[in-house]
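Some notes on the structure that comes next.
First the proteins, then the strands, lettered A, B, ... as listed; each starts at 1. Every value quoted in this text rests on a predicted model; they were computed, and no experiment measured them.
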2 protein chains.
Amino acid sequence: MFQITDGELKYLNEISSEIKYPKGQIIFSTSQKANEVYYIKSGLVKIYRTTSDGRQVSVAIRYPGDFIGLAEVLSNINEREYSAEAMDNVSILIIWKDGFKKMLCEMPEFSEKLIRLMSDRLREAQNTIYDFIMNPIQGRLAILLLTMAERAGDKSEDDIIRVRLRVTQEELACVIGSARQTISSLLNLLKEDGSIQYEGREIVGVNPNKLKLWIQE
Amino acid sequence: MFQITDGELKYLNEISSEIKYPKGQIIFSTSQKANEVYYIKSGLVKIYRTTSDGRQVSVAIRYPGDFIGLAEVLSNINEREYSAEAMDNVSILIIWKDGFKKMLCEMPEFSEKLIRLMSDRLREAQNTIYDFIMNPIQGRLAILLLTMAERAGDKSEDDIIRVRLRVTQEELACVIGSARQTISSLLNLLKEDGSIQYEGREIVGVNPNKLKLWIQE
DNA sequence: CCTATTTTGTCGGCTGGATTACAGTTTTTT
DNA sequence: AAAAAACTGTAATCCAGCCGACAAAATAGG
């Protein structure tokens, strides 16, 4: 998928400043002015909206190497539609709109790549919609854990992916539109089944092949 | 949102050929080669995938003025991930990949607009995900009818939107991930309520304000 | 115009998963 | 180290909405 080149990263570094957000900190939130985009150097970020009755609904999780806050800036929308929060200690480059747009003009290959990036994200979002329709909760959870592991973990020699996912059940529930208690039982089910290695409050390994058995295709 | 200029349309006409598809005809389908994009001149098109057990799941509906088949071409994917079917009698321009990419190079403003288009679509898809999590079936149905009316209907002097939506309940069910029978009762409920005007098998008018009362925000 | 096919209405039964409730556990704060 | 706060496990209850079944209506096709 999308990979930034060294040259592009160098350019980015010049026009941006690096900020570190501790776990739980809000990076931007709904209806703020959308004057900048961000590039994640390390850590996980959740994109979500808070509903009128106070619940959170997440529509995506972003990983190191991802841009966030792009959609509003590229659509020329003034206000953020979603909020972003650090799920970890996160290190981020903040890039002002004008600088970013200038970069797009000066580096046409980057601009081309950005079309591909947005296109990839659209396909990803459509697949999420598809998965929501097709899969009951276990399936959605399996898909989520699988993608999180693939993007945040290291493949080891056997086909188990080693990770260190410190995510609360509440957070998982928000992403797949479910209740915390349901996640609790399901995680233990997946653990028994050997689909995931789940120690204390941390997921430390997932077995993709076993997990996939839970997913409706 | 995205609007094509006369100049762009003229260019498109030169590099494309027009095809008419009767209702029900498949325009492209999953795992075919993705060598072209399409521009809808008239009619509605559903983007969907057929599941292993034969059901259809729709992830979007596209309207006149929309491109379809873009994501695979822009992501440089070889095979279609979704299928497209004419929901009406549809008139479409078919534009070959090479011609389209050439157009992107020759018309940089168009290329810029395309980024905005993909960005709009991503936001739209994210909102769909949000709505799926937040809304029970009535809400999703209300949202669907509202967007269909807004995009395929004409606003009349009062705030009722006049449309002519000949869509089966089955098709609506596929889009919101529900069962046909449920749609049947809900449509009649919305009709009684005055949210929609529903005669025979056709939706001929919707009242946005009343419909919105069914939607969780 | 008659027949075959597709679409719609309706109605119980059944169930996945939300909700409520509370106790136990781990982490953070003081 | 104690107290507070945040997170997790489990169990009982309840209901939105899926499913199956079938009759009625509309459309299409010959």
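- Here the side chains of Val167(B) and Ile203(B) are not in contact, with every heavy-atom distance at 4.5 Å or above.
- Judged as a side-chain contact (heavy atoms from CB on, under 4.5 Å), and not counting sequence neighbours, the contacts of Gln138(B) are Pro136(B), Leu186(B), Trp214(B).
- Contact check, Thr168(A) against dC7(D): no side-chain N or O comes under 4.0 Å of OP1 or OP2.
- In this model, the phosphate group of dG16(C) is not approached by any side-chain N or O of Gln138(A) to a distance below 4.0 Å at OP1 or OP2.
- In this structure, the CD atom of Glu170(A) is 18 Å from the P atom of dT27(C), given to the nearest Å.
- The phosphate of dT27(C) (OP1 or OP2) has a side-chain N or O of Arg166(A) nearer than 4.0 angstrom.
- Within the structure, a side-chain polar atom (N or O) of Ser178(A) is placed less than 4.0 Å from OP1 or OP2 of dA18(C).
- Counting only heavy atoms from C-beta on, Ile137(A) has its side chain closest to dG17(C) among dG17(D), dT8(D), dG17(C).
- If you measure from atom CG of Leu189(B) to atom P of dG17(D), you get 12 Å, rounded to the nearest angstrom.
- Applying the 4.0 Å criterion to OP1 and OP2 of dA11(D), one finds that Gln181(A) has every side-chain N and O outside that range.
- Counting any heavy atom pair closer than 4.0 Å across all strands shown, Arg140(B) reaches no nucleic acid atom.
- Nucleic acid contact for Ser185(A): none, since no nucleic acid atom lies under 4.0 Å from a heavy atom of the residue.
- If you take CG of Leu186(B) and P of dT8(C), they are 14 Å apart, rounded to a whole angstrom.
- One finds the CD1 atom of Ile160(B) at 9.5 Å from the CG atom of Asn209(B) (value rounded to the nearest 0.5 Å).
- In this structure, CG of Leu187(A) is placed 9 Å from P of dT8(D), rounded to the nearest angstrom.
- Using a 4.0 Å heavy-atom criterion, one finds that Ser184(A) contacts the bases of the nucleic acid, with or without backbone contacts as well.
- Spacing between atom CZ of Arg180(A) and atom C1' of dA21(C) amounts to 12 Å, rounded to whole angstrom units.
- The separation between Ile183(B) atom CD1 and dG17(D) atom P is 10 Å, rounded to whole Å.
- At the heavy-atom level, Glu202(A) lies nowhere under 4.0 Å from the strands shown.
- A sub-4.0 Å separation between OP1 or OP2 of dG9(D) and a side-chain N or O of Gln169(A) is present.
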